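Dropping a structure here in structure tokens format, bear with me for questions.
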Amino acid sequence: MTKAKLDLRKSKCEMLIHKEKLIKNKNIDELPELLAGENKLITSMSAALTVPYSQTKGRHVITTKFVHAGDTLFKEQPYTAVLLAKNGLSHCSFCFRKVSEQYVVCRICGDAVYCDYECRKSDKSHDNECGLAPFLQSLGIAHLVWKIITGIGIEKLADVHDNCLLETVTNENIVHCYEDKENPYLSVLYLNSHILDMNSGDLAQYAMSALMLNLFLKLKTNVYAGFDDDIFNIVSNFFLRHICQMICNAHAITELSEDSNNESNLVLESQDRIATAIYPSASLMNHACDPTIINSFSGRTLIVRAVKDVKTGGEIFHCYGPHFARTPTPERRESLKLQYFFDCGCPYCTDPKLTDLNQRFFSFACTYCKGSLSIKKSKKAFCKDCGKEQNYCEQLEAESQALQLHREGIDGYKENKIETATFCFTKAFKLREKALYKHHLNLAETADWLARLLAMVGKYVECLQTLEIVLEGLRLRYGELSIEIGYEMRKRSDVLISALQNKNLDHKIKRKFFKKLRDSLELTVKIFEIHYGSWSDPYKEAKSRLEIFSGFNF
């Protein structure tokens, strides 16, 4: 065995040891500082931000100083949060981190799982739902509303009802709802509910849900003891208001998960939703289809970081779900209108040049020049690049066949029929390469799957060639320093490490691959530092890899 191969195996062991240390020694207090410190009014928000109000934008977040990519803008604990039912036994019910084999449970109901006694002691909200898990887990997002109502209590709700005006939101009551640090409930109460914007059918359904929850609260608990019957209608109104608010303001808490194959050493990472929460301060950001920020989580703590520079006085935008690089413009606008009740006016929805770019991500390829086809109402189309009119029936048929092969490939992968899956994805890729525009989302998805299968069977050179197709599309859609490029570079480095262990690989190719490896790791570190920060596990692991391989020479 050559020294280079021994060194590579040693480096892989060192990476695994470092990763295990990150898991065991996770410091939950090692979080980034807010840009310019805490805001005096909204302490979970940066002092470099402010929240004005206008008739057209409502409440929105703007900068009071220049914001650089990588600056931390929000660091917020949820007002309340709920684990998804599927994570109830794998994650702590309080801090939302994965539990070890030494977990503890609620001593009364046994339904709530905690990572240690401290978390069990800290979870005060469980007192209001102990023994009710089967019912509450069936509620979905309404479980959050149950926590809000039971957490504030009937007496305080009655007091809020007597003293608060909910009909209007102005600069004055923006200040009011955040300046009372003893009653953070007001910051939730004044979130936009869009009750007046909802259609009567949806509103009737939400009203029935509110009534059902309130009846259950009255019949199955003792919280109404000592109160007059009149308070029931008041609490029902609060239930309805908060249900409507959660439709528009609830956040998904996610964690990074890995799916690794021992033979290929290719690590496939994805963000998995583990819980739903309400973050009142972060909810103040407006939407853009090309957002200014990225969300990440440390347990239940939301960390919002800028992913691009923003000038003084510029607005900070969050993406509510439909992203320009993943969804066609008409579908994005329709989705936002249905759920959030506004017509998106961001550049990717209104600028003709940007909407044209978005349309290319979902178009067929021109038969003559491989440019982007624009489809007319008939079965005719014209090319945006060469201008030729043509029939696109062949492309449509090829895409239909490719879609079926793509699905069969996924089924083969799940059943561990790697040869079958590789054949299906190879054929689907060839069909889509001919029928679809070169940066089409479906072509990139098939290429990504094909690269995964090629790595599993040890065809690393072919895998790297396929990954380059994926990378080219990602750069155009998301940008060179996007988190999508970061994870793809991480994937490419996995493949290169495996390829470098091939003893039959030509020495010149090895030198070329090793340079690509270091370049990939350097870019991964840079991207993870911007998006997650130097405190985060993804950054630390990428940095460790770079340090390990920086000392190698081929």
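Residue numbers run from 1 in the order of the sequence given. Keep in mind that what you see is a predicted model, and the values were worked out from it rather than measured.
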Ionic contact status for D343 with K337, cut-off 4.0 Å: yes
If you take all heavy atoms of V145 and M246, which pair is closest and at what distance?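 Looking at all heavy atoms of both residues, the closest pair is CG2-CG, 3.7 Å.
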Residues in ring-ring contact (aromatic ring centres under 6.0 Å, His included) contact with Y348, at least two apart in sequence or another chain: F324
Please list, chain by chain and in numerical order, all residues satisfying ring-ring contact (aromatic ring centres under 6.0 Å, His included) with F361, sequence neighbours excluded.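 F361: no ring-ring contact (aromatic ring centres under 6.0 Å, His included) contacts found.
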Using modelled atom types and a 3.5 Å cut-off, is there a donor and acceptor pairing between side-chain atoms of K438 and backbone atoms of K370? no
Is the backbone N or O of C346 less than 3.5 Å from a side-chain atom of T350, with the two atoms forming a donor-acceptor pair by type? yes
Taking T446 for its side chain and L443 for its backbone only, find out whether a donor-acceptor pair lies under 3.5 Å.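 Answer holds: no.
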Is there a side-chain contact (heavy atoms from CB on, under 4.5 Å) between N358 and L354 once you walk through the steps? CA-CA 6 Å; N358 171 265; L354 294 177; over 6 Å; no
About how many Å separate CG of N286 and NE2 of H318, when rounded to the nearest 0.5 Å?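 Those atoms lie 11.0 Å apart.
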Salt bridge between R407 and D411, side-chain N to carboxylate O under 4.0 Å? no
N/O donor-acceptor pair under 3.5 Å between S400 side chain and L396 backbone: no
Among Y539, Y487, W535, exactly one meets ring pair (Phe, Tyr, Trp, His ring centres under 6.0 Å) together with F528. Which residue is that? Y487
Judged by atom type as modelled, is there a donor-acceptor pair below 3.5 Å linking the side chain of H143 to the main-chain atoms of L84?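 Not at all, since once roles are kept as given, no pair shorter than 3.5 Å links the two residues.
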State whether a side-chain donor-acceptor pair under 3.5 Å links T301 with E76. no
Decide side-chain hydrogen bond (donor to acceptor under 3.5 Å, both in side chains) for Q401 and E397; before the verdict, give the C-alpha distance in whole Å, the side-chain angles of both, and the deciding distance to 0.1 Å. CA-CA 6 Å; Q401 293 176 24; E397 176 62 26; 3.0 Å; yes
Go through the steps to decide whether E129 and K147 satisfy the test salt bridge (charged side-chain N to carboxylate O under 4.0 Å, His left out), and finish with yes or no. CA-CA 8 Å; E129 51 189 57; K147 278 183 172 284; 3.5 Å; yes
Salt bridge flag under 4.0 Å for residues K430 and E433: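 No salt bridge links K430 with E433.
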Going by the rule side chain to side chain donor-acceptor pair (under 3.5 Å), which residues pair with Q137 if we only count those two or more places apart in sequence or in a different chain? none
Criterion side chain to side chain donor-acceptor pair (under 3.5 Å) against S298, the qualifying member of R97, K75, E255: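 That would be R97; it is the only one of R97, K75, E255 passing the side chain to side chain donor-acceptor pair (under 3.5 Å) with S298.
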For the ring pair H126 and F94, is the centre-to-centre distance below 6.0 Å? no
Ring-plane angle category for Y279 and H251, please: parallel below 30°, perpendicular beyond 60°, tilted otherwise. perpendicular
Check: G321 main-chain N/O paired with H323 side-chain donor or acceptor under 3.5 Å: no
Does a donor on one side chain sit under 3.5 Å from an acceptor on the other, for R326 and Y478? yes
Do Y114 and D123 have side-chain atoms, one donor and one acceptor, less than 3.5 Å apart? yes
Aromatic centroids of F382 and Y392 separated by under 6.0 Å: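 Centroid separation for Y392 and F382: 6.0 Å or greater.
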Test of ring centre spacing under 6.0 Å for H406 and F425: yes
Which residues pass the ring-ring contact (aromatic ring centres under 6.0 Å, His included) test with F423, sequence neighbours left out? none
Would you check if the side chain of D116 reaches a backbone N or O of C119 as a donor-acceptor pair within less than 3.5 Å?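 Between the backbone of C119 and the side chain of D116 there is a qualifying donor-acceptor contact (under 3.5 Å).
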Please check if any side-chain donor atom of T72 sits under 3.5 Å from a side-chain acceptor atom of R305, or the reverse. yes
Partner residues of K308 under the side chain to side chain donor-acceptor pair (under 3.5 Å) criterion, sequence neighbours left out: D290
Passes salt bridge (charged side-chain N to carboxylate O under 4.0 Å, His left out), R360 versus D385? Steps please. CA-CA 11 Å; R360 287 172 179 263; D385 298 303; 3.0 Å; yes
Is the backbone of I485 close enough, under 3.5 Å, to the side chain of S482 for a donor and an acceptor to pair up by distance?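 Side chain of S482 to backbone of I485, a donor-acceptor pair under 3.5 Å: yes, one is there.
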Worked verdict on I274 versus F96 for side-chain contact (heavy atoms from CB on, under 4.5 Å): CA-CA 8 Å; I274 61 167; F96 295 167; 4.2 Å; yes
E529 side chain to G70 backbone, donor-acceptor under 3.5 Å: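 Answer holds: no.
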Could you verify whether a donor N or O on one side chain and an acceptor N or O on the other, from S372 and S363, lie under 3.5 Å apart?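 Looking only at side-chain atoms, S363 and S372 do form a donor-acceptor pair, the distance falling under 3.5 Å.
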Working note: T422 + M456, criterion side-chain contact (heavy atoms from CB on, under 4.5 Å); need CA distance, chi angles, decisive distance, verdict. CA-CA 10 Å; T422 305; M456 290 180 70; over 6 Å; no
All N/O donor-acceptor pairs, side-chain side in residues 466-477, below 3.5 Å, sequence neighbours left out:
unit_1: T466; atom_1: OG1; unit_2: E462; atom_2: O; d: 2.9
unit_1: E468; atom_1: OE2; unit_2: R492; atom_2: NH1; d: 2.5
unit_1: R475; atom_1: NE; unit_2: E480; atom_2: OE1; d: 3.0
unit_1: R477; atom_1: NH1; unit_2: H439; atom_2: O; d: 3.2

Start with the C-alpha distance between H287 and Y340, add both sets of side-chain angles, then the distance that settles side-chain contact (heavy atoms from CB on, under 4.5 Å), and finish with yes or no. CA-CA 10 Å; H287 165 87; Y340 300 101; over 6 Å; no
Heavy-atom donor-acceptor pair, S544 side chain to E541 backbone, under 3.5 Å: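 A pair under 3.5 Å: no.
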